[in-house]
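Some notes on the structure that comes next.
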Amino acid sequence: MKPYVLAIPLILSYSGLKQKKSLERKEILLSDTGRRAFHFFPSGKNPESLPGVYIQHGMSAMGIDDPRIIELAENIASSNHSIILPELPEVRGLKIEEKTITNIQELMLEIYSTKHMFNGEDLGYLSASFSGGMGLIAASKSNTRNKIKSSMVIGAYCNFFDSVPFVFSNFEIDPYAVYVILYNMLHRFEPNLAEELEPVFYEAALDNGLKRLGNDVRAEILLNKTSSQAKEFFSQVITDRNFRVQLAKRVLDTVPENLPENLSPFYQLETLRGPVALLHGKTDPVISPVESEKLALLFQSKEISYVHRTSTALTHGDSLPLHSQIFGVPALLQTFGSFLYWLRR
């Protein structure tokens with residue numbers, strides 16, 4: 001069977017052209033790590049007979065309750081897979097922390113050892129954006145690399161140093177990641193403003209991510225209670241491109257020592273047992289498609305098998321209506337199909 005054939009039901013259900021199978025969805029608490037998780041698998045199927053996929057959510061304040069990650073989990077489960085979707089509180093809380101890599105490692109080990117949730121042998125890892133890059137590092141470690149049979153990352157980064165300036169340069173298109181970075185880092189280079197503005201940037205990220213409008217918008221309410229200096233700083237972030245360019249430099253100049261290196265596959269990736277599917281939106285405004293190109297070169301240097309495609313059917317991990325982006329569909333078939341094929345092989 002050609003790998004892309006395995007992805008056809010997935011893409012058809014995403015597009016609404018095929019109804020998803022009836023699914024079981026259970027909310028569980030993983031006993032070792034204490035993580036809240038969802039478990040999806042086709043109704044009437046024994047999950048112990050199915051390949052497993054550990055899906056790690058990205059930096060969404062909705063965590064595993066985000067409809068986008070649930071839709072992805074349901075569509076893959078509908079193609080006869082057992083899906084484990086655990087929640088990381090610090091990621092849900094929009095915190096950029098090194099410990100997330102260790103937390104993902106621990107989840108990989110626990111899920112692999114929890115034999116009743118999948119067939120016990122075939123476990124894949126799938127994630128996106130910053131969680132995708134950190135997950136690749138976690139999967140490459142000596143205690144996890146033999147547990148993950150194949151991986152797929154969507155819109156992931158290779159080098160944190162390069163990702164930060166790109167995020168700030170695309171603020172007008174998608175400000176979300178800038179708000180998240182400033183929420184995490186402002187206290188390091190503007191300590192006098194951080195107490196006032198970090199809560200504002202947090203709420204600004206939520207306003208954007210949760211699509212809050214009108215009376216539900218909270219960042220402006222908090223901003224109105226701040227000093228004139230804080231208001232001016234926030235205004236410059238919104239209106240002044242040159243100011244944002246300088247902010248990106250200040251972020252990288254003041255982050256904790258070795259943090260960018262420790263978060264970057266470029267510096268931290270060891271090796272992987274299984275192949276990797278790389279998928280990136282051609283117009284991704286948050287993480288440049290060049291980051292996936294660099295991941296591909298990194299895999300080449302380490303002799304790790306991979307497939308790499310860009311697609312017009314994606315922005316930053318969000319799917320666009322397939323009827324209007326039909327030329328982007330082959331890349332989805334090739335990457336999702338390869339990931340599922342390697343998982344079952």
Side-chain angles (χ1 to χ4, degrees), residues 3 6-7 30 32-33 35 37-41 47-48 50-58 64 69 72-73 76-77 79-88 91 99-158 263-266 268-279 292 295-296 298-300 302-308 335-345:
L6 290 173
L30 296 171
D32 291 348
T33 57
R35 307 295 184 194
F38 288 140
H39 184 202
F40 300 85
F41 56 92
E48 294 182 43
L50 302 174
V53 178
Y54 162 19
I55 298 180
Q56 181 55 61
H57 67 87
I64 61 174
I69 202 75
L72 176 62
I76 298 179
S79 60
N80 287 323
H81 292 82
S82 177
I83 309 300
I84 302 93
L85 176 59
E87 188 161 82
L88 289 177
V91 178
K99 72 175 184 179
T100 297
I101 296 171
T102 301
N103 290 340
I104 293 174
Q105 280 180 264
E106 291 173 350
L107 283 165
M108 288 174 174
L109 293 171
E110 179 170 14
I111 291 168
Y112 186 83
S113 67
T114 309
K115 303 300 185 183
H116 68 273
M117 289 198 294
F118 72 110
N119 66 20
E121 297 294 332
D122 303 319
L123 181 63
Y125 177 78
L126 192 158
S127 191
S129 191
F130 285 99
S131 293
M134 288 189 279
L136 287 176
I137 297 171
S140 76
K141 300 300 184 182
S142 58
N143 63 339
T144 49
R145 69 175 63 116
N146 291 325
K147 308 294 190 294
I148 303 300
K149 194 171 182 181
S150 68
S151 303
M152 180 171 177
V153 290
I154 304 168
Y157 71 101
C158 182
L263 292 178
S264 299
F266 183 80
Q268 297 299 323
L269 192 80
E270 295 179 17
T271 189
L272 293 165
R273 168 197 174 192
V276 184
L278 298 170
L279 178 62
S292 281
L295 282 171
L298 182 64
F299 295 155
Q300 282 183 14
K302 294 180 175 292
E303 299 183 341
I304 297 168
S305 298
Y306 70 93
V307 61
H308 168 226
T335 49
F336 276 102
S338 295
F339 170 64
L340 299 176
Y341 174 78
W342 292 325
L343 184 58
R344 291 170 171 268
R345 192 168 60 181

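These numbers were taken from a predicted model, which means no experiment stands behind them.
Side-chain atoms of Ser131 come within 3.5 Å of backbone N or O of His57 as a donor-acceptor pair. In this structure, Ser79 contributes its side chain and Ile76 its backbone to a donor-acceptor pair below 3.5 Å.
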Query raised in the report: Between Leu72 and Leu126, is a side-chain contact (heavy atoms from CB on, under 4.5 Å) present by the stated rule, with each step listed?
Result: CA-CA 10 Å; Leu72 176 62; Leu126 192 158; 3.7 Å; yes
Report task. Would you check, one step at a time, whether the test side-chain contact (heavy atoms from CB on, under 4.5 Å) holds for Leu107 with Ile84? Result -> CA-CA 10 Å; Leu107 283 165; Ile84 302 93; over 6 Å; no
**Report entry** Stepwise side-chain contact (heavy atoms from CB on, under 4.5 Å) check, Phe339 with Val53
**Finding:** CA-CA 10 Å; Phe339 170 64; Val53 178; 4.0 Å; yes
**Report entry** Test side-chain contact (heavy atoms from CB on, under 4.5 Å) applied to Leu278 and Phe299, step by step
**Finding:** CA-CA 11 Å; Leu278 298 170; Phe299 295 155; 3.8 Å; yes
Requested in this report: For Ser82 and His39, run side-chain hydrogen bond (donor to acceptor under 3.5 Å, both in side chains): C-alpha distance rounded to whole Å, both residues' side-chain angles, the deciding distance at 0.1 Å, then the answer.
Outcome: CA-CA 7 Å; Ser82 177; His39 184 202; 2.7 Å; yes
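Every residue meeting the side chain to side chain contact (heavy atoms under 4.5 Å, CB included) condition with Ala7, not counting sequence neighbours, appears here in chain and number order: Leu333, Phe336. Shown here are the ring-ring contact (aromatic ring centres under 6.0 Å, His included) partners of His81, two or more places apart in sequence or in another chain: there are none. In this view, Ser292 and His280 satisfy the side-chain hydrogen bond (donor to acceptor under 3.5 Å, both in side chains) rule, not counting sequence neighbours. In this structure, Ser305 has no side-chain hydrogen bond (donor to acceptor under 3.5 Å, both in side chains) partners at least two apart in sequence or on a different chain. Judged as a salt bridge (Lys or Arg N to Asp or Glu O under 4.0 Å), and not counting sequence neighbours, the contacts of Glu87 are Arg36, Arg92. In this structure, Arg345 has no side-chain hydrogen bond (donor to acceptor under 3.5 Å, both in side chains) partners at least two apart in sequence or on a different chain. Residues satisfying the salt bridge (Lys or Arg N to Asp or Glu O under 4.0 Å) criterion with Glu270, sequence neighbours excluded, are Lys141, Arg145. Applying the side chain to side chain contact (heavy atoms under 4.5 Å, CB included) rule to Thr102 yields the partners Gln105, Glu106; only residues at least two apart in sequence or on another chain are considered. By the side chain to side chain contact (heavy atoms under 4.5 Å, CB included) test, Leu109 pairs with Asn143, Thr144, Lys147, sequence neighbours left out.
Residue pairs satisfying the salt bridge (charged side-chain N to carboxylate O under 4.0 Å, His left out) criterion with at least one member in residues 115-127, sequence neighbours excluded, are listed as follows: Asp122-Lys149. Judged as a ring-ring contact (aromatic ring centres under 6.0 Å, His included), the pairs with a partner in residues 109-141 (not counting sequence neighbours) are, in order, Tyr54-Tyr125, Phe130-Tyr157. Residue pairs meeting the salt bridge (charged side-chain N to carboxylate O under 4.0 Å, His left out) criterion with at least one partner in residues 125-137, sequence neighbours excluded, are absent.
For the atom pair CG of Leu343 and OG of Ser151, the computed distance is 10.0 Å after rounding to the nearest 0.5 Å. The CG atom of Leu136 lies 12.5 Å from the CD atom of Gln268; values are rounded to the nearest 0.5 Å. Atom CG of residue Leu340 and atom OG of residue Ser150 lie 7.5 Å apart, to the nearest 0.5 angstrom. Atom CG of residue Asn103 and atom CD of residue Gln56 lie 9.0 Å apart, to the nearest 0.5 angstrom. To the nearest 0.5 Å, atom CD1 of residue Ile55 and atom CD1 of residue Ile83 are 4.5 Å apart. Atoms CG and CZ, from Leu295 and Phe266 in turn, are 10.5 Å apart once rounded to the nearest 0.5 Å.
Side-chain contact annotation: Thr33 with Glu110, donor-acceptor N/O pair under 3.5 Å present.
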